Number of protein chains: 2
Amino acid sequence: MTTQRKEAKRERILDAAVLEIARRGYYGTTVSTIARRAGVADGTIYLYFKSKEDLLVSIFERAMQRFNFEAAGIVEADGVGAEEKLRRFVALHLSLLGEDRDLAVIFQVEFRHTLHILERLSRSRMRDYLALIARVLEQGTEEGVFKRDLDALLAAKMVFGILDEMATDWVLSKKNTRLASRSAPVTDLLLGGLRTS
Amino acid sequence: MTTQRKEAKRERILDAAVLEIARRGYYGTTVSTIARRAGVADGTIYLYFKSKEDLLVSIFERAMQRFNFEAAGIVEADGVGAEEKLRRFVALHLSLLGEDRDLAVIFQVEFRHTLHILERLSRSRMRDYLALIARVLEQGTEEGVFKRDLDALLAAKMVFGILDEMATDWVLSKKNTRLASRSAPVTDLLLGGLRTS
DNA sequence: CCGTAGTGAATGAGTATTCAGTTTTCTGCC
DNA sequence: GGCAGAAAACTGAATACTCATTCACTACGG
């Protein structure tokens, strides 16, 4: 079997897992259910993934790879100011999650299942993502547009916190709003704060 | 048995549950383990709680009652400006979680187990908590110190998002920092934003 | 001495993972 | 092309658990 065909099957299993886990939750989804949706036998799952948990982590890895790739494109753009980069970053985060509700559910809910999984995830790709935000903030202070005394990493976590809460709130809301529509108010608050200027 | 003694036993079970679930996770903790730590038989748990899930929800209810009580005290204080109220609110949130790591773990991780539980929780006490933040922001716009065009509820969610991320980050970090030490930078960013003024 | 509270072994449902057997794909040869 | 044999991929029923919940019985307090 060619590498390409194997890769495609792996993707099919991951897609099936995203769909089922988003709807029934990680513990509510059996490996059999995922296998059935992917059109393979239960045992086949274990040819591609070490365990059910490994499957969940692989969903995360695949998604974060895309997130980080796109985010890096924004951060590394030449001749773009920090403010504009931040604007784009916020829009990107909200768009990527807002365009795939199943994935959003998994990111906002299912990945937080146990301290153990959360620790594993946050130690990996998550760090890179936060570092990218921090880079934008550092650029901003260098340009003199962002405050001089900013702790870039801490501030990056706050930026992430806002985006994360927007996503969770959207996932939980029944209303049919677009997540990306919150880009502007989020950026405004981040840049200008609550105070009147 | 007096109501008081019954209440005390219920509290003991809740305390035991907080401790065990924080350490092993909800799914990693058996009802037997909780019973053993509380010094009661397995069956006794079911005299006080409908199910294991009800136990988790009861932990949330008990904690949120305290949170909301203390938060309401801040929001309803007479003769205090919105900026100062926000400062106090941030400090309160970070202190309450920072002083009880087990409870913090449960809040930041275990409560988010399934969409189902999260929905249940966010529809109840969580709403009130957000509403309290929103009230402070509204007061600020009325006073003219906060921006006029603020969507108070949306901004409240952003405030909450930052606090929530600070707490999660603290829970996941091995370092021995105090969560409350982040009060000042959080408040600064919220009030003044990233931009130089 | 009775009703309330508590007990903990038994139940029964659920399911991740394995593995002996089957099918498909690949390889080298005519 | 086509074919045998080997290797790789796949299958799904059986295994080997784990645990929430129940309930017949016991102990206790008023």
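Numbers restart at 1 for each chain; the letters A, B, ... are given by sequence-line order, proteins then strands. Treat the numbers as computed from the prediction; the structure is a model and nothing was measured.
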> Could you tell me whether Ser32(A) contacts a base, only the sugar-phosphate backbone, or nothing, with contacts defined as non-hydrogen atoms closer than 4.0 Å?
nothing

> Rounded to the nearest angstrom, tell me the gap between atom NZ in Lys52(A) and atom C1' in dG14(C).
11 Å

> Using whole Å, what does the distance between atom P of nucleotide dC19(D) and atom CD of Glu20(B) come to?
13 Å

> After noting the C-alpha distance and the side-chain angles of Arg62(B) and Asp15(B), does the key distance pass the salt bridge (charged side-chain N to carboxylate O under 4.0 Å, His left out) rule?
CA-CA 11 Å; Arg62(B) 182 175 72 162; Asp15(B) 290 341; 2.9 Å; yes

> Given Tyr48(A) and Leu14(A), is the side chain to side chain contact (heavy atoms under 4.5 Å, CB included) satisfied, shown in steps?
CA-CA 10 Å; Tyr48(A) 291 83; Leu14(A) 281 175; over 6 Å; no

> Looking only at the side chain of Ala41(A) (C-beta and beyond, no hydrogens), which of the listed nucleotides dA13(D), dT11(D), dA16(C) gets closest?
dT11(D)

> Output yes when at least one side-chain N/O atom of Tyr48(B) is less than 4.0 Å from OP1 or OP2 of dG6(C), else no.
yes

> Does Phe60(B) have its ring centroid less than 6.0 Å away from the ring centroid of Phe107(B)?
yes

> Please give, in whole Å, the distance from dT11(D) P to Arg36(A) CZ?
14 Å

> Just checking Thr29(B): base, sugar-phosphate only, or nothing, at a heavy-atom cut-off of under 4.0 Å?
sugar-phosphate

> Atom CZ of Arg12(B) and atom P of dA5(C): how far apart are they, to the nearest Å?
15 Å

> Any chain of hydrophobic side-chain contacts (each under 4.5 Å) joining Val18(B) to Met64(B)?
yes

> Give the rounded distance in Å between these two atoms: OH of Tyr26(B) and C1' of dA20(D).
9 Å

> Find the distance Glu7(A):CD to dA9(D):P and express it as a whole number of Å.
13 Å

> Start at the 5' end of DNA chain C and walk down; is the nucleotide closest to Thr44(A) or to Tyr27(A) reached first?
Tyr27(A)

> Within this structure, what is the OH-to-P distance between Tyr46(B) and dC19(D), rounded to whole angstrom?
13 Å

> For DNA chain C, whose closest nucleotide is more 5', that of Val40(B) or that of Gly43(A)?
Val40(B)

> Among the candidates dT7(C), dA20(D), dT11(D), find the nucleotide nearest to the side-chain atoms of Leu47(B).
dT7(C)

> Tell me the interatomic distance from Arg24(B), atom CZ, to dC19(D), atom C1', rounded to whole angstroms.
14 Å

> Hey, is the side chain of Lys9(B) poking within less than 4.0 Å of OP1 or OP2 on dA5(C), counting only N and O atoms?
no

> Is the centre of the Tyr129(A) ring less than 6.0 Å from the centre of the Phe89(A) ring?
yes

